[in-house]
Amino acid sequence: MFNNKNMQEMMSKLQGMQGAVEDSKKRLENIYVKGESSDGNIRFVLNGNRKLKEITIDDQIINGNKEELIEKLIESFNKAIEDADHVNENEMRSTAFNMFPGMGG
């Protein structure tokens, strides 16, 4: 069923797949998404690997209502993570499609 040549080919393909996934992760490091509160006073920037890169908070909101601040932090972070998830999933789908052209599309 599996001879030495088949095993070598399979291992080579697995190494290629691992390399493709690593390349995708590197590309995702340079793709940025942002999530802002509805009033624009808070902004989160994440990369495509869902790593937080920047937080911007307008000075006027810091001195305001704590509950409102927390609400806006949650709102803007959730928007950013949603966009980062979308970018990440599309990149991984594209990588899988390139490795296995018959999958999805």
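Numbering starts at 1 and runs along the sequence shown.
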Novice: For Glu75 and Ser37, which I'm curious about, is there any donor-acceptor pair between the side chains at under 3.5 Å?
Specialist: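 Ser37 and Glu75 do not have a side-chain donor-acceptor pair below 3.5 Å.
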
Novice: Run the side-chain contact (heavy atoms from CB on, under 4.5 Å) test against Asp23 and tell me which residues pass, sequence neighbours left out.
Specialist: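 In terms of side-chain contact (heavy atoms from CB on, under 4.5 Å), with neighbours along the sequence ignored, Asp23 is linked to Arg27.
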
Novice: Measure the spacing between NZ of Lys26 and CD1 of Ile31 and express it to the nearest 0.5 Å.
Specialist: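 Taking NZ in Lys26 and CD1 in Ile31, the distance rounds to 14.5 Å.
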
Novice: Tabulate below the donor-acceptor pairs under 3.5 Å that side-chain atoms of residues 54-62 make, not counting sequence neighbours, or state none.
Specialist:
unit_1: Glu54; atom_1: OE2; unit_2: Arg43; atom_2: NH2; d: 3.1
unit_1: Glu54; atom_1: OE2; unit_2: Thr56; atom_2: OG1; d: 3.1
unit_1: Thr56; atom_1: OG1; unit_2: Arg43; atom_2: NH2; d: 3.3
unit_1: Asp58; atom_1: OD1; unit_2: Gln60; atom_2: N; d: 3.0

Novice: Listing request: all ring pair (Phe, Tyr, Trp, His ring centres under 6.0 Å) pairs with a residue in residues 34-55, at least two apart in sequence or in separate chains.
Specialist: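 Those involving residues 34-55 are Phe44-Phe77.
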
Novice: Whether the Asn47 and Asn49 side chains hold a donor-acceptor pair (N or O, under 3.5 Å, no angle test) is what I'd like checked.
Specialist: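 Judged by distance alone, the side chains do not pair up.
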
Novice: Excluding sequence neighbours, so at least two apart, what forms salt bridge (Lys or Arg N to Asp or Glu O under 4.0 Å) with Lys51?
Specialist: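 Per chain and number, Lys51 pairs via salt bridge (Lys or Arg N to Asp or Glu O under 4.0 Å) with no residue.
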
Novice: Glu68: which residues meet the side-chain hydrogen bond (donor to acceptor under 3.5 Å, both in side chains) condition with it, sequence neighbours left out?
Specialist: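 Counting only residues at least two positions away or on another chain, Glu68 forms no side-chain hydrogen bond (donor to acceptor under 3.5 Å, both in side chains).
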
Novice: How many angstroms lie between NZ in Lys72 and CD1 in Ile42, if you round to the nearest 0.5 Å?
Specialist: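 With rounding to 0.5 Å, NZ (Lys72) is 7.0 Å from CD1 (Ile42).
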
Novice: In the hydrophobic clustering (ILVMFWY, side-chain contacts below 4.5 Å, transitive), which residues join Tyr32, or is it alone?
Specialist: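 For the cluster that includes Tyr32, the remaining residues are Val45.
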
Novice: So does Lys79 have more than 12 non-hydrogen atoms from other groups sitting under 6.0 Å from NZ?
Specialist: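 Yes - once you tally the heavy atoms of other residues, nucleotides and ligands closer than 6.0 Å, there are more than 12.
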
Novice: Does Val33 have any side-chain contact (heavy atoms from CB on, under 4.5 Å) partners at least two apart in sequence or in another chain, and if so, which?
Specialist: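 Leu46, Asp83, Ala84, Val87.
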
Novice: Taking it one step at a time, do Glu36 and Ser76 satisfy side chain to side chain donor-acceptor pair (under 3.5 Å)?
Specialist: CA-CA 4 Å; Glu36 288 186 333; Ser76 51; over 6 Å; no

Novice: Would you sort out whether Arg93 and Asn90 count as a side chain to side chain contact (heavy atoms under 4.5 Å, CB included), showing the intermediate values?
Specialist: CA-CA 5 Å; Arg93 186 177 301 120; Asn90 284 339; 2.8 Å; yes

Novice: With rounding to the nearest 0.5 angstrom, report the CD1 to NE2 distance, Ile81 to His86.
Specialist: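 Interatomic distance, Ile81 CD1 to His86 NE2, rounded to 0.5 Å: 14.0 Å.
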
Novice: With sequence neighbours left out, what residues match Glu71 under side-chain contact (heavy atoms from CB on, under 4.5 Å)?
Specialist: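 Glu71 satisfies side-chain contact (heavy atoms from CB on, under 4.5 Å) with no residue once adjacent residues are dropped.
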
Novice: Can you list everything that forms a side-chain hydrogen bond (donor to acceptor under 3.5 Å, both in side chains) with Asp85? Sequence neighbours excluded, please.
Specialist: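 In terms of side-chain hydrogen bond (donor to acceptor under 3.5 Å, both in side chains), with neighbours along the sequence ignored, Asp85 is linked to Arg50.
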
Novice: Do you reckon Leu52 sits in the same ILVMFWY cluster as Ile74, going by side-chain contacts under 4.5 Å, direct or chained?
Specialist: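 No, because Leu52 and Ile74 fall into different hydrophobic clusters, even though each may have its own neighbours under 4.5 Å.
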
